[in-house]
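Shown next, in C-alpha cells, is the structure this report addresses.
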Amino acid sequence: MAAKQKTTTQDRLEVAKVLAFERKLDVSDAYFWQKDSKDGKASAIPVPIREKSVRGTISNRFSDTIASDPVKLNPKIESPNLQRVDAAALDDDKDTLIVRWSCKALPFDGSPYVCNDQAYQSALVKTVQGYLETQGVQELARRYAANIANARWLWRNRMGAEDITVSVRNGSETISFSEAERIGLNDFTHSSPELEQLSGWLAAGLSGQSFTILYIEAQVRVGYGQEVYPSQELILDTGSRKSKVLYQINGKAGMHSQKIGNAIRTIDTWYGEAAEAPFPIAVEPYGSVTTLGTAFRQPKQKKDFYSIFDAWVLDGKAPALADQHYAMAVLIRGGVFGESGKE
C-alpha cells in the first residue's frame with residue numbers, strides 16, 4: 001500500500017529581523033530669542049547662556065542611621081553644596097521669550113526605510129495602505145496640530161507665562177494662535193478654523209499631496225529678567241567642572257529637536273482601559289514615560305506596539321480603531337523595530 005503523501009503548508013510569515021522607519025515629522029532644534037513687548041519696532045536678540053557659581057544647601061533624604069543621630073546629621077547639612085552651573089535668563093529690559101523652529105511633514109505610505117524580508121514588507125505596506133484608505137491621516141494630523149498650537153513644546157517655559165502667541169507659516173500663508181496657553185493639554189477637543197488649517201497642512205504633507213515645511217514661532221511674555229529653560233545636556237564626562245550644562249547653538253540658548261518632537265507626538269490617549277486616558281503620553285512602543293518611571297503599554301496586557309502590530313500584519317487581525325491610530329503614530333515616529341539579538 002502506497003504511503004500517504006504529506007501535504008505541504010506555506011511557512012508562516014515572520015517579523016523581519018532588520019526593520020526600520022524614518023521619522024515623518026522632521027523637527028529642527030529650537031532657538032531662543034528675546035525682546036521687550038512694549039517696543040514693537042526693536043529687533044529680537046539671542047538669549048545667551050551664562051555660567052554662575054552657587055552655594056546651595058544639602059536637601060537630599062538621608063538614611064535613618066544618619067537622620068536619627070544629630071552628631072552625624074549636623075556635619076552633613078552644614079556642609080555647603082557648591083555648584084558651577086549654566087543658566088539662561090532674559091535681560092532686565094526684555095520680558096518676552098521668542099522660540100523658533102521648523103517642521104517638515106514627509107509622505108507616509110508604510111514603506112520602511114530598511115527591511116530584509118520582502119514577504120513581510122509586502123504584508124506591512126498592505127496593512128498600512130488599508131489604514132490610509134479607510135482612515136487617512138486626518139486624526140493623527142489633528143492631534144499633532146493641537147500640540148503645535150497649544151505650545152506644549154515649550155515645556156517648562158509654558159508654565160507661569162502671562163501670555164503665549166504661536167504663529168505658523170507655510171509658504172506665503174501664516175496663521176496665529178493667540179492665548180495659546182488656553183488650549184488644553186489633556187484632550188484634543190479644541191476646535192478653530194486656524195487649527196483645522198494647520199491640521200490640513202500636516203495631513204497634506206503626510207499624505208504626499210504637497211511638500212510641507214512649517215516655520216513655528218512662539219512669543220512668551222514671562223517677565224523682565226526672568227529665567228528661561230533651554231534643554232539640559234546629558235553630562236557623560238564625569239570629570240566635568242559644571243554640574244549643569246545647557247544646550248546652546250552658536251552662542252544662543254536652544255532646545256533639542258528630540259525634546260520638541262516628544263511634545264508633538266504626545267497624542268496617545270488610547271493606552272487606558274477607557275476610550276480616552278486621563279492625559280496623553282508620547283507615542284512610544286511601550287508607552288514609556290521616564291519622568292513617571294512607568295510603561296503604560298505593557299506586553300502582558302497586549303497593549304504594546306509589537307503585540308498590536310504583529311497581530312495586525314502577521315495574522316490579519318485588525319485591532320480596535322484606537323490601536324490602529326496608535327500603531328500608525330509609532331511608525332510615523334520612526335525608529336528601529338527589528339528583532340533584537342539580545343536577551
Side-chain angles (χ1 to χ4, degrees), residues 25 27-50 87-105 143-185 190-199 201-202 212-232 246-264 266:
L25 291 180
V27 174
S28 74
D29 286 338
Y31 298 81
F32 282 28
W33 303 77
Q34 58 178 323
K35 72 171 188 177
D36 182 7
S37 61
K38 294 181 180 179
D39 190 353
K41 297 181 180 180
S43 300
I45 62 173
V47 175
I49 301 291
R50 301 180 177 93
L90 304 185
D91 294 342
D92 60 0
D93 59 348
K94 305 290 189 298
D95 69 342
T96 300
L97 169 68
I98 301 173
V99 184
R100 297 169 179 159
W101 54 284
S102 63
C103 174
K104 283 194 289 188
R143 294 186 175 222
Y144 296 138
N147 280 338
I148 293 175
N150 65 20
R152 184 191 294 274
W153 44 272
L154 287 172
W155 292 96
R156 192 174 176 184
N157 299 291
R158 193 182 189 276
M159 305 301 295
E162 182 180 356
D163 181 64
I164 303 175
T165 298
V166 174
S167 61
V168 183
R169 177 169 62 87
N170 179 27
S172 60
E173 296 183 85
T174 300
I175 53 179
S176 181
F177 301 89
S178 58
E179 297 185 326
E181 72 277 8
R182 295 182 179 273
I183 302 176
L185 296 175
H190 180 82
S191 179
S192 70
E194 294 79 13
L195 190 60
E196 290 301 317
Q197 186 172 2
L198 176 55
S199 175
W201 288 345
L202 289 169
T212 301
I213 181 167
L214 307 178
Y215 295 95
I216 298 102
E217 176 183 286
Q219 297 199 15
V220 191
R221 201 183 319 162
V222 295
Y224 292 101
Q226 283 290 313
E227 187 173 5
V228 294
Y229 305 98
S231 288
Q232 184 171 334
L246 297 180
Y247 183 51
Q248 55 182 311
I249 311 152
N250 298 325
K252 295 188 290 290
M255 189 175 289
H256 295 148
S257 60
Q258 291 85 351
K259 191 168 185 177
I260 294 177
N262 181 278
I264 301 307
T266 301

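Reckoned from all heavy atoms, side chains included, excluding hydrogens, waters and symmetry mates.
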Within this structure, what is the [atom1]-[atom2] distance for the pair [X] and [Y], rounded to the nearest 0.5 Å?
X	Y	atom1	atom2	answer
E196	S191	CD	OG	5.0 Å
S231	D29	OG	CG	8.0 Å
I45	F32	CD1	CZ	15.0 Å
H256	Y247	NE2	OH	5.5 Å
L25	L202	CG	CG	6.5 Å
I260	N147	CD1	CG	12.5 Å

Identify every side-chain donor-acceptor pair in residues 90-103 under 3.5 Å, counting partners at least two apart or on other chains, and give the distances.
| from | atom 1 | to | atom 2 | distance (Å) |
| --- | --- | --- | --- | --- |
| D91 | OD1 | R50 | NH2 | 3.2 |
| D91 | OD2 | Q34 | NE2 | 3.4 |
| D95 | OD1 | S37 | N | 2.8 |
| D95 | OD1 | S37 | OG | 3.3 |
| D95 | OD2 | S37 | OG | 2.7 |
| R100 | NE | E217 | OE1 | 2.7 |
| R100 | NH2 | E217 | OE1 | 3.4 |
| S102 | OG | S28 | OG | 3.3 |

For a quick test of reading the model, state the closest non-hydrogen atom pair linking [X] to [Y] and the distance between them.
X	Y	result
R152	A263	CD-O, 3.3 Å
I249	G254	CD1-CA, 4.1 Å
P46	K252	CB-CG, 3.2 Å
I164	A161	CG1-CB, 3.8 Å
T165	S178	OG1-CA, 4.1 Å
Y144	I264	CD2-O, 3.4 Å

Residue pairs passing the salt bridge (charged side-chain N to carboxylate O under 4.0 Å, His left out) test where at least one lies in residues 219-229, sequence neighbours excluded: E162-R221
Pairs involving residues 168-181, ordered by first then second residue, that meet salt bridge (charged side-chain N to carboxylate O under 4.0 Å, His left out) (sequence neighbours left out): E179-R182
Does [X] reach the main-chain N or O of [Y] with its side chain, forming a donor-acceptor pair under 3.5 Å?
X	Y	answer
N157	L154	yes
W155	K259	yes
N262	Q258	no
N170	L214	no

CA sep, side-chain torsions, deciding dist, call: N150, F177, side chain to side chain contact (heavy atoms under 4.5 Å, CB included): CA-CA 8 Å; N150 65 20; F177 301 89; over 6 Å; no
Evaluation steps, side chain to side chain contact (heavy atoms under 4.5 Å, CB included), between Y229 and L246: CA-CA 9 Å; Y229 305 98; L246 297 180; over 6 Å; no
Crowding at NZ, K104 (>12 non-hydrogen neighbours, <6.0 Å): no
Side chain to side chain contact (heavy atoms under 4.5 Å, CB included) between I175 and S167, worked out: CA-CA 6 Å; I175 53 179; S167 61; over 6 Å; no
Short side-chain donor-acceptor distance under 3.5 Å, Y31 and N250: no
